[in-house]
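Notes follow the structure.
Please read all numbers here as calculations on a predicted model, not as lab measurements. In listed order, ligands and their atoms are each counted from 1.
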Amino acid sequence: MKRLVLAYSGGLDTSVAIRWLQEHKGYEVVACAVDVGQAAPGEMDRIRRRALDCGAVEAVVVDARDEFADDFVAAAIRTNALYMGKYPLVSSLSRPLITRHLVRLARETGAGAIGHGCTGKGNDQARFEVTAMAIAPDLVVEAPIREWGLSRDAAIAWAEERGIPIPVKKSSPYSFDENLWGRTAECGILEDPWASPPEEVFARSAALADTPDQPEELTLTFEQGLPVAVDGRKLELAALVAEVDRRAGAHGVGRIDMIEDRLVGIKSREIYECPGAITLLTAHRDLEDLCLEQELAQEKRSLEGRWAQLVYNGLWYTPLKRALDAFVGESQRVVDGEVRMRLFKGSASVAGRRSPLGLYDHDLATYDAADQFDQTQAEGFVKLWGLPTKVWAKRQGQLHEGRLHD
Ligand code: ARG
């Protein structure tokens, strides 16, 4: 029998997909559940057993939390990655990692195909499939959910007819995706962009009414653009992100409500919760403002959105993304220091920053007696700075004005 490695989440769709791939496509299915920080303790093992109960010939759980942090979240932090200036790329970052494990497992188990449970309307299908094209172009990719087009009720009926022990959680109108870097919510009432998201969709951030009335401070230490300690305590990146997420979430930080441009051309309404991501990105960006020379900083800002767009669109393993990583990597050598963050009533704001490599020079900036800045030189500088404007105004300015008023 042909073999396929399926990205298995433990939910209804991928549970039904195991049997569907057997019946309709003649595959025996190896289920692969990748832990990127979405699961409660013990949950991954339940997911593994569920895959076997649903008919998988083998079920593998991969603890990829550190790998996700070190290879994906780290790059997003160093790049200040926000799609459309708002979305920290939560799901976009995990799909290439999951695909990498599907491919590895396919090689190890002699499978000629991999599969995912994405629909045809989202971005995730592109992230899985384009990643596979880049790293394992010989593998067949199956997308059972996209292909069968069953409604939720039809999928449940189909499973019940065959006695498949599907996870019959009380049916939620929402669709969630979660990992170390944040949580996404879609569907149900959220599809009305005018409606406020109900409190029940949130899990990692407190409602403002329930947040502490006192602000909390948190000091983040960065080395070469990556956070390495919280309040002076060294932590591995995955543990550090989790801790910042928990503390910022308690203050209601990191809720994002946006209209998003999907790769497939749809505008969708998305709700995200990313307390840790928003706090860390805010701190990192601020430290860069202190440490990066201004021409470099400006160029980096102009490339950050491009990087986020590539990753959002499934182009993690591509030459431009690699080249941008090299640029970002070079820029981060000097991003060392500490940022004091203040968490309060839904915001994570910078309260102070310092760096041994910082370019802030008090003696140049100050207005007090210690001033070292020679203001007499400013006069000549401004004259030459304005010279092209002066020449233009004299020769053409009138003409321009006149035309404007015609
Ligand atoms: N819109 C977000 C993105 O494209 C979130 C997708 C969540 N994925 C999911 N299967 N629920 O990255």
Side-chain angles (χ1 to χ4, degrees), residues 6-17 32-39 47 68 72-73 75-76 79 81-99 102 115-131 141 143-147 149-150 152 155 167 169 171-193 197 201-204 254-274 277-278 281 305 307-316 321:
L6 176 68
Y8 183 68
S9 71
L12 173 70
D13 282 344
T14 51
S15 295
V16 176
C32 175
V34 181
D35 185 357
V36 281
Q38 75 275 36
I47 291 176
F68 181 57
F72 293 85
V73 170
T79 314
L82 291 171
Y83 178 66
M84 295 177 78
K86 298 178 190 173
Y87 168 46
L89 297 174
V90 177
S91 308
S92 335
L93 293 172
S94 69
R95 271 41 179 185
L97 167 76
I98 296 169
T99 309
L102 298 178
H116 61 72
C118 307
T119 70
K121 294 181 70 169
N123 303 306
D124 290 328
Q125 53 180 338
R127 299 166 185 155
F128 277 111
E129 293 182 32
V130 178
T131 299
V141 183
I145 314 302
R146 185 173 68 197
E147 190 174 334
L150 287 187
R152 188 184 165 87
K169 271 195 304 191
S171 136
S172 154
Y174 309 111
S175 158
F176 299 107
D177 185 45
E178 186 160 11
N179 62 47
L180 189 65
W181 202 226
R183 185 167 181 273
T184 78
E186 297 167 327
C187 303
I189 183 70
L190 304 178
E191 289 176 354
D192 175 357
V201 304
F202 297 105
R204 286 160 78 142
R255 292 188 176 187
I256 300 158
D257 178 341
M258 66 184 282
I259 302 294
E260 181 171 299
D261 286 319
R262 287 193 189 166
L263 176 62
V264 292
I266 300 170
K267 280 196 190 285
S268 64
R269 197 280 187 92
E270 306 278 334
I271 300 294
Y272 300 115
E273 278 178 288
C274 309
I278 294 302
L281 292 173
W307 190 95
Q309 191 182 41
L310 293 172
V311 172
Y312 182 88
N313 288 339
L315 302 178
W316 182 271
K321 151 75 172 48

### Task
Report, in ascending order of atom number, the atoms of ligand 1 lying under 4.0 Å from any heavy atom of Ser175.
11 (N)
#### Entry: Nearest candidate to atom 8 (N) of ligand 1, where distance is taken over non-hydrogen atoms, out of Asn313, Leu89, Thr119, Asp124
Asp124
### Task
Evaluate the ring planes of Tyr87 and Tyr83, with Trp represented by its six-membered ring, and classify them as parallel (under 30°), tilted (30 to 60°) or perpendicular (over 60°).
perpendicular
### Query
Under a 4.0 Å heavy-atom limit, does Tyr272 contact ligand 1 with its side chain, its backbone, both, or neither?
side chain
### Task
State the atoms of ligand 1, each with its element, that fall below the 4.0 Å cut-off from a heavy-atom position in Glu270.
1 (N), 2 (C), 5 (C)
### Query
Less than 4.0 Å between a side-chain N and a carboxylate O, is that true for Arg269 and Asp257?
yes
### Message
Can you tell me how far apart CD (Glu260) and CD1 (Ile271) are? Round to the nearest 0.5 Å.
### Response
11.0 Å
### Minimum-distance protein heavy atom relative to atom 12 (O) of ligand 1
Tyr87 OH, 2.6 Å
### N or O contact, Thr184 vs ligand 1, cut-off under 3.5 Å
no
### Query
Between atom CG of Asp177 and atom CG of Asp124, what is the distance when rounded to the nearest 0.5 Å?
6.5 Å
### Query
Would Glu129 and Arg146 pass as an ion pair if we require N to O under 4.0 Å?
yes
### Query
Looking only at N/O atoms, are Asn123 and ligand 1 under 3.5 Å apart anywhere?
yes
### Query
Taking 4.0 angstrom as the limit, do Glu191 and Lys121 come out as a salt bridge?
no
#### Entry: Distance in Å, Asn179 CG paired with Ser91 OG, rounded so as to fall on 0.5 Å steps
6.5 Å
### Query
What atoms of ligand 1 come within less than 4.0 Å of a heavy atom belonging to Glu260?
1 (N), 2 (C), 3 (C), 4 (O)
### Task
Report the part of Glu186 (side chain from C-beta onward, or backbone N, CA, C, O) that has a heavy atom under 4.0 Å from ligand 1; answer both or neither where that applies.
side chain
## Note on the structure
Correct closest heavy-atom pair for Val201 and Ala185 would be CB-CB, 4.4 Å
### Task
Would you check whether Arg95 reaches within less than 4.0 Å of ligand 1, judged by its heavy atoms?
yes
### Query
If you measure from each non-hydrogen atom of Arg127 to ligand 1, which part falls under 4.0 Å: side chain, backbone, both or neither?
side chain
### Query
Which residue supplies the protein heavy atom nearest to atom 5 (C) of ligand 1, what is that atom called, and how far is it?
Ser91 OG, 3.6 Å
